[in-house]
Amino acid sequence: MNNTPPLLGEQIATPIGPYLGAHMPTAGGHACALTAGHGIGCEAVQIFTASPRQWRAPELKEETILAWRQALAECGTKKTIAHDSYLINLAAPPGSEVLAKSRAAFRAEIERAEALGLDFLVSHPGAHGGDGEDVGIARLIESLDILHAETAGAKVRVALETTAGQGTYLGGRFEHLTRILNGVKDPERLAVCLDTCHIFAAGYDIRTPAGYEETMAQFDRIIGLPWLQVVHANDSAKPFGSHADRHAHIGEGEIGLEAFRRLVNDPRLAGLPIIVETPDSETMHEVNVRRLRELIAA
Ligand SMILES: [Zn+2]
């Protein structure tokens, strides 16, 4: 983005770029994610509101919520996002223990995100476990309808994430997301999160200018660009079409730097959070966020 102030009297529409940020650790408290993120140049921050590998999650303490709101005001973070637990599968078979636990855990995810006043809760659409895409999508829709009803009035939007389409995971095709959006009773409670590593592994080739344009055109044609509200910027350690989900540092994987240059300069993504979820957060998040920022055309 051009940081030069406009000349006096000149009519220049200030271009709004994307809000760059990272998935920040919450060790030391949720608010630390905001202050540490601010310290490394994040305008958007994503967190886990509880441990992503445990079913049991304590309710947020009042002091945690107050500290979060204070840090948010101080840091001026533009977009705040939670990512849900890895254990949750809202497309699990009816009557299964996993489905019951997943729905209870996801309801708590929504409640924690709402208590913190977050903009989005990013969620993987789940896995059908061998019962087929149609069945899996129908189960997910039923779960979402139940959860939306249980959390009526919540403002946080659930952003369904594109996946690498590994195993029986849903979300490897844009069509899956369209069917979910079309199927739920309250689609306005939902949004879509596009992960560059996942779509690349799922078979959307964003490496070339033509491939990037075709992918965005497909997203618009199949899902509709207004649904795109969160972007995850991760390079891929695994090859194109591998259906394997392994994130790499920006410009150091199979996707390469030029695709990320197109991404951060894409006017269709103006005002959206672009979040890195790359390894070695302590040392590399700052580097990856800076890499993205340096790609924004001056
Ligand atoms: Zn992601």
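The model shown is predicted, which means the values in this text are computed figures rather than measured ones. All ligand and atom numbering here is 1-based and tracks the order in the structure.
For the pair Arg107 and Glu111, the salt-bridge criterion is met [side-chain N within less than 4.0 Å of a carboxylate O]. Between Lys155 and Asp119, no side-chain nitrogen of the basic residue sits less than 4.0 Å from a carboxylate oxygen of the acidic one, so the salt-bridge criterion is not met.
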task: Assess whether salt bridge (Lys or Arg N to Asp or Glu O under 4.0 Å) is satisfied between Glu258 and Arg261, documenting all intermediate values.
output: CA-CA 5 Å; Glu258 288 312 304; Arg261 189 190 305 279; 2.9 Å; yes

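In this structure, Phe219 and Leu228 have side chains that are in contact, with non-hydrogen atoms separated by less than 4.5 Å.
A ring-centre distance under 6.0 Å is found for His198 and His247.
For His124, the ring-ring contact (aromatic ring centres under 6.0 Å, His included) partners two or more places apart in sequence, or in a different chain, are His83.
By the criterion of a separation under 2.8 Å, the protein N/O/S atoms near the Zn ion (ligand 1) amount to Glu161 OE2, Asp195 OD2, His232 ND1, Glu277 OE1.
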